[in-house]
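Chain A is the first sequence line, chain B the second, and so forth, proteins listed ahead of strands; every chain is numbered from 1.
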Amino acid sequence: MALVEIRNLTKRFRKGDEVITPLEGVDLDVEPGDFISLMGPSGTGKSTLLNLVSGIDRPDSGTITVEGVEITKLSRGQLADWRSANLGYIFQTHNLVPVLTAYENVELPALLLPISAAERRKRVELALEAVGLTDRADHYPRQLSGGQEQRVGIARAIVAHPTVVVADEPTGSLDASTSEQIQVLLKRLNTELKITMLMVTHDPQVASIASRRLHLDRGQFIEADRPAAHAVTGA
Amino acid sequence: MRIFGRFAPYVLKTLWRHRARTMLTVGGAAVAMFVFCFVGSVQEGLRRLTSDEDSQRTLIVFQENRFCPTSSRLPQDYARRIHNLPGVVDVMPVQVWTNNCRASLDIIVFNGAPPQQLRQARDLTLTEGNWSDFESRRDAAIVGRNVAQRRRLKTGDQFSIGEMSVKVAGVFASAVPAEENLIYTSLDYLQYSRGQELVGLVTQLEVKLAESADPDEVARNIDATLKSGPVATTTRRKGAFQTSTLSDLVDLIDFAHWLGYACLALVLSLVATTTVMSVQDRIQEHAVLQTLGVRPGRVFRLVLAESMLLCMLGGFLGTALALSALAVGGMAIGAEGVTIAFRPSAQLALLGMVVSCGVGIVAGFLPAIQAARTPIVTALRQA
């Protein structure tokens, strides 16, 4: 059984009188340890898919099952609990809380877990160490560079030991050199810590670090390294 | 609750981030709560004066159709006649002199009564001076704590006002706050003072009743008995007498409670505005928190906590300032020889804090709902 199972997923938006359907009847399986990159033109539903898998948006139809839990059936509160225990989210614009230090930002998701203060401290320190920011723990976001902020965002995404980490254009707001550092970091987290990742990107170079590269076009996934006949899904 | 405690630094730091806004809001709330507590203390003073046990179990005999103490003149002999009536335990003749019969914030009221009887009838504690000095000199006076504070009087001082000039033999505290606005002298002193011509006359008679006596029945009996005397009387419970004497002030004080409500409305709108602004500034931040796994209900409580903190901080400051001013100022308002003491009290402090907390909850409710209910994806897109 796949770690994440997406079946017949459809999402529609209304824009004035027009109905837009970025995802229609999408199927996808994500195996444990997968590092999947999603590419495709703007408006094809990549970020929408990420939001649905994260449980911060709801599909019009279809199901998403993560580790046996059908998250599309959960209430808003249950989804919040599920996210705190099972999901790490890396934002394009970092989205750190400006009044909290790097340490406190990383600690936020761990505050929601039923763990002791000592365990929480250990996890935060390990997460900061994993992204190489132990010496910046007491710095506020405004005192960090863009790359450092994103690394704090990554540490925050992994601190709760989530089942799956989703990243929405994690290098989209970074310069080339910093982007490369982040790519190396994401790859390392996947290979060394076996973290399952689902990443949306526009940049083919960033996509190339993933073990599976999917192209989403008109509601259909195509494995980048495979012929179209092996499409993952059909809309 | 434990998780909520873990988020306390986030709430505090968020308020500190916009310190100018936070301090202005807290300052505004403090000023409004200061006024609220002040109004509350006046109302509390009036309530105490007109509804405590002493005011219900003691009768005041006054000259019929007279209101200002300077115009009420009863024969002192009435005390003996009243004492013989059933249900009466004791009768204390009191001569009242005041520097101002109209409403005033700095009224000076002398009450002259036989010292021995006064000591038994009143629950007074001398904070300085001694009773024997008071009892041994006709021009000696014991001064209520509030008057002493207001007029900076201490034992041994000579205090003069109008035709009166007394030697301060002590300063007293009383279980009845309004008493602390009085100056007690011997009855003889007020009756024999130059220009008073009051020998054998008193302003009022204070009647202590037996436990089993019906105050209204005894009052009717007194008026009926003295109807045939040289001066007719009106006898009422002390509370009713004081309410009637202060009737103009009572209307004003009743009206002032609207001022208290206006202060609460001011705090409400101030804190609600600040909280709405804060929530709108942080729509994206709240969405990020929810993406990380913070439940909508918890976001609701975090916003509510911010608004409650603002209110309670302002409420605490305003209440503390008001209570300090009331404690130090020794303020009172009076008319026609009856005074209302503005006093700090634990009840007032508790009321101030409970009201602040309640206003904080109401002020934060709608912004908190807005923060908790905004769809996460929509909020995340608001850069």
Ring-plane angle category for B:Tyr261 and B:His257, please: parallel below 30°, perpendicular beyond 60°, tilted otherwise.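 Answer is perpendicular, since the angle exceeds 60°.
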Is it true that A:Ser75 and A:Gln78 share a donor-acceptor pair across their side chains at a distance under 3.5 Å?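 Yes - a donor-acceptor pair under 3.5 Å links their side chains.
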Quiz question: by atom type and distance under 3.5 Å, do the side chains of B:Glu44 and B:Ser345 form a donor-acceptor pair?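 Looking only at side-chain atoms, B:Ser345 and B:Glu44 do form a donor-acceptor pair, the distance falling under 3.5 Å.
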Under 4.5 Å from any heavy atom of chain B, what part of [X] do you find: side chain, backbone, both or neither?
X	result
A:Glu107	neither
A:Asn51	side chain
A:Arg58	neither

Flag the one option from A:Gly88, A:Ser54, A:Pro98 with the top tally of heavy-atom pairs under 4.5 Å to chain B.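 Going by pairs under 4.5 Å, I would pick A:Pro98.
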Is B:Gln290 close to chain A through its backbone or its side chain, or both, or neither, when contacts mean heavy atoms under 4.5 Å?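 Both parts, backbone and side chain.
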Check whether any side-chain heavy atom of A:Leu111 lies under 4.5 Å from a side-chain heavy atom of A:Leu108, and answer yes or no.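 They are in side-chain contact.
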Have a look at B:Met33 and tell me which of B:Leu321, B:Leu266, B:Leu264, B:Leu317 forms a side-chain contact (heavy atoms from CB on, under 4.5 Å) with it.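 Considering B:Leu321, B:Leu266, B:Leu264, B:Leu317, a side-chain contact (heavy atoms from CB on, under 4.5 Å) with B:Met33 is found only for B:Leu264.
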Of all of B:Ala287, B:Gly293, B:Pro9, B:Gly297, which one pairs up most often with chain A through heavy atoms under 4.5 Å apart?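 Most heavy-atom pairs under 4.5 Å with chain A: B:Gly293.
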Flag the one option from B:Leu289, B:Val294, B:Val377 with the top tally of heavy-atom pairs under 4.5 Å to chain A.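 Ranked by contacts with chain A, first place is B:Val377.
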Any donor-acceptor pair under 3.5 Å linking the side chain of A:Glu149 with the backbone of A:Gln143?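 Checking the backbone N and O of A:Gln143 against the side chain of A:Glu149, no donor-acceptor pair under 3.5 Å is found.
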